[in-house]
2 protein chains.
Amino acid sequence: MRQSEKHDDLRDDAACATDDAGPDAPSRSLSAADRVRDAILAGVLTPGSRINEVHLSRDLGMSRTPIRAALHTLAAEGLIDYERNRGFIVREFALQAVLDAYEIRASLEGVACRLAAERGLTAEQKQRIETALRDGDRALDVDRIGPAELAAYGMVNVTIHGMLLAAAQNRMLSEAIRMTINMPGVNTRNIVPASPRIMRRRHDDHHRLYDLVRSGEAVRAELLMREHVISVKSGLLANTEQRETDP
Amino acid sequence: MRQSEKHDDLRDDAACATDDAGPDAPSRSLSAADRVRDAILAGVLTPGSRINEVHLSRDLGMSRTPIRAALHTLAAEGLIDYERNRGFIVREFALQAVLDAYEIRASLEGVACRLAAERGLTAEQKQRIETALRDGDRALDVDRIGPAELAAYGMVNVTIHGMLLAAAQNRMLSEAIRMTINMPGVNTRNIVPASPRIMRRRHDDHHRLYDLVRSGEAVRAELLMREHVISVKSGLLANTEQRETDP
DNA sequence: CACAACATTAGTGTATACAATTGCCCTTGA
DNA sequence: TCAAGGGCAATTGTATACACTAATGTTGTG
């Protein structure tokens, strides 16, 4: 079958999954969920294609039982669709859906930021944010922003947004935001390419957000965070349009 | 065992699950997910208690396999927690979490309303909303709002919010909003008790929301919907405080 | 040649068996 | 009396077998 070839990319990593077996090793179904999720986000499993449980179980070196559990989890997360007696299908996300996801995320992170401002930051959160802010300053204060600086700034970005989200102290909020990030095409880690000027402006937002949250200016913090995230959407949109007319 | 007694309430319905077996019958795991979800939302399965797969499978008249699939789904939905080798635990929601859920929902429904205003309503959606608006007018235009009127208004409420959400044409948004509603203590169906004056004001919001969406005033629609949902939170909060000091 | 009915096969849905882990109770010793 | 340890029961994790559904190919007929 040619469908099994689609899963070939997973097989290599499969070997290393069976060897560890440490006491804290995640259960197979959890590891399977992570593996399949990564495969979808990385584009290895192409949207619209059906997921064959037998092949997948062979490739991941486990039986169908944990596989099915993982697939049900991913279905509830919205990454794959389930049809009775037809199994699971990798969900397709239109560009419009991706753009909408930024709207949703902007709104949610805005709320998170407001709650964070109302509830305050722990000493550790403050410290980690301040460190991240300095790291960001350093990464962006160079003539040429190379891959190393980009990677560093990516971590800075994750840390700051993560700390503000943690300060909101609400799990549902975290999960909803994760939904908006866990979709093909959206990825905090892979920073959308942007000019140094825009990146510095975004990082300036981080400074201002921190100041607003720390001083408890909840409404302003919410609005700025919304704008901050939406600007990424605009950048993505411009980038996409450019890419379409480019080649 | 005393744990099995906890599931007794499920057993009665279990009988009718096995008899139908129509061609369009949902798979066991789906029906199990629905059943357990309802049980949690209805408070039959108490927060904090562990879910015993064997007992549950007996009570629902199916094997553990579809049960486990259903539980994984519910875990991804956030209704229950999963701990490796310890199984599933009904999640507890503090009052603060419930209140936060309203904030999240307000924000999300606001976005939905904005998108609906931008994207427009279909003829059918318009018609169904207009019908619902009239039904609501009729239900509230009485001297004494009794259980029948309350139930009728509940359906009106669901229809209007549902149509506006559908008009937003975004699945992730729908799913995220469902998350905020599918939690114990929050329930669109069970309208929070409110005075006739407040109910009429809320329904007036519905009229204004429809007008704004229909005329494409996206920003105003978003803001009004936010306020509309938040007001329910305030009502709930006042109600809870009153109930605590009452008896 | 087109098409429909059937046979075949691939694939999902569920049940059951067994392995592994956890939690509990009882014993034993200080 | 209490703490530590060990064994047993309960419960979860995974594998496998089988039933059932859907898809596919094949063959016979108009």
Side-chain angles (χ1 to χ4, degrees), chain A residues 1-7 10 14 17-36 45 48-76 80-91, chain B residues 1-7 14 17-36 45 48-76 80-90:
Chain A
M1 291 277 103
R2 58 221 61 79
Q3 173 130 21
S4 78
E5 297 173 11
K6 285 184 181 175
H7 300 295
L10 293 174
T18 50
D19 57 49
D20 57 342
D24 292 338
S27 70
R28 291 189 194 286
S29 75
L30 287 185
S31 113
D34 292 342
R35 200 78 65 76
V36 175
L45 294 177
S49 66
R50 282 179 61 176
I51 294 178
N52 186 310
E53 298 175 3
V54 177
H55 299 155
L56 190 58
S57 65
R58 241 210 319 272
D59 295 347
L60 294 184
M62 61 186 76
S63 83
R64 283 177 54 217
T65 309
I67 295 285
R68 283 180 62 81
L71 293 179
H72 273 103
T73 297
L74 293 178
I80 59 182
D81 283 327
Y82 170 76
E83 283 180 54
R84 173 181 162 76
N85 285 328
R86 296 200 57 229
F88 297 89
I89 298 172
V90 182
R91 195 165 146 191
Chain B
M1 294 280 104
R2 57 222 59 82
Q3 173 130 22
S4 79
E5 296 173 12
K6 285 185 181 174
H7 299 297
T18 52
D19 56 49
D20 56 342
D24 293 337
S27 70
R28 292 190 194 287
S29 75
L30 287 185
S31 112
D34 293 342
R35 199 78 64 77
V36 175
L45 294 177
S49 66
R50 281 179 61 175
I51 294 179
N52 186 308
E53 297 174 3
V54 176
H55 299 155
L56 189 58
S57 66
R58 240 208 322 269
D59 295 346
L60 294 184
M62 62 186 76
S63 84
R64 281 177 55 216
T65 310
I67 295 285
R68 283 179 64 80
L71 293 178
H72 273 103
T73 297
L74 293 178
I80 59 182
D81 283 328
Y82 171 75
E83 283 180 55
R84 173 180 161 77
N85 286 329
R86 296 201 57 228
F88 298 89
I89 298 172
V90 182

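Proteins come first, then strands; the chains are lettered A, B, ... in the order of their sequence lines, and each starts at number 1. Scope of the values below: all heavy atoms of this structure, side chains included, with no hydrogens, waters or symmetry mates.
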Self-check item: Per Arg50(A) side chain, nearest of listed nucleotides dG11(C), dT22(C), dT14(D)
Solution: dG11(C)

Practice problem: Would you indicate which nucleotide in dA22(D), dA15(D), dA15(C) comes nearest to any side-chain atom of Met62(A)? | Solution: dA15(D)

Quiz item: Closest to the Arg64(A) side chain: dG13(C), dT11(D), dT14(D)?
Solution: dG13(C)

Self-check item: d(CD1, Ile89(B); P, dT11(D)) in whole Å
Solution: 14 Å

Self-check item: Nucleotide of dA15(D), dT14(C), dT12(D) approaching Ser63(B) most closely (side-chain heavy atoms)
Solution: dT14(C)

Quiz item: To the nearest angstrom, how far is Phe88(B) atom CZ from dT11(D) atom C1'?
Solution: 13 Å

Quiz prompt | Distance in angstrom units between Arg68(A) CZ and dG11(C) P, rounded | solution = 14 Å

Exercise. Specify the closest pair of heavy atoms between Val90(B) and Ile80(B), including all atoms of both residues, with the distance to one decimal.
Key: CA-CG2, 4.0 Å

Practice problem: Just compare dT12(C), dG23(C), dT11(D) and give me whichever is closest to any side-chain atom of Asn52(B). | Solution: dT11(D)

Quiz prompt | His55(A), nearest nucleotide to its side chain (from dG11(C), dT14(C), dA15(D)) | solution = dG11(C)

Quiz item: In whole angstroms, how far is the P atom of dA22(D) from the CZ atom of Arg84(A)?
Solution: 7 Å

Quiz item: When the ring planes of Tyr82(B) and His72(B) are compared, do they come out parallel, tilted or perpendicular, using 30° and 60° as the limits?
Solution: tilted

Exercise. Give the nucleotide from the list dT12(D), dG13(C), dA15(C) with an atom nearest to the side chain of Glu53(B).
Key: dT12(D)

Quiz item: For the side chain of Arg86(A) and the backbone of Arg50(A), is there at least one donor-acceptor N/O pair under 3.5 Å apart?
Solution: no

Quiz item: Between atom CZ in Arg58(B) and atom P in dA15(C), what is the gap in whole Å?
Solution: 15 Å

Quiz item: Rounded to the nearest Å, what distance is computed from the CG atom of residue Leu60(A) to the C1' atom of nucleotide dG13(D)?
Solution: 17 Å

Quiz item: Looking at the side chain of Asn85(B), which of dT22(C), dT14(D), dT21(D) is the nearest nucleotide?
Solution: dT22(C)

Exercise. To the nearest 0.5 Å, tell me how far His55(A) NE2 sits from Ile67(A) CD1.
Key: 12.5 Å

Exercise. Figure out the CG/P separation between Leu71(B) and dG13(D), and round it to whole Å.
Key: 10 Å

Quiz item: In Å and rounded to the nearest 0.5 Å, what is the CG to CG distance from Leu71(A) to Asp81(A)?
Solution: 12.0 Å

Quiz item: Is there a side-chain polar atom (N or O) of Arg86(B) under 4.0 Å from OP1 or OP2 of dG13(D)?
Solution: no

Practice problem: Return the value, rounded to whole Å, for the distance between atom CD1 of Ile67(B) and atom C1' of dG13(D). | Solution: 16 Å

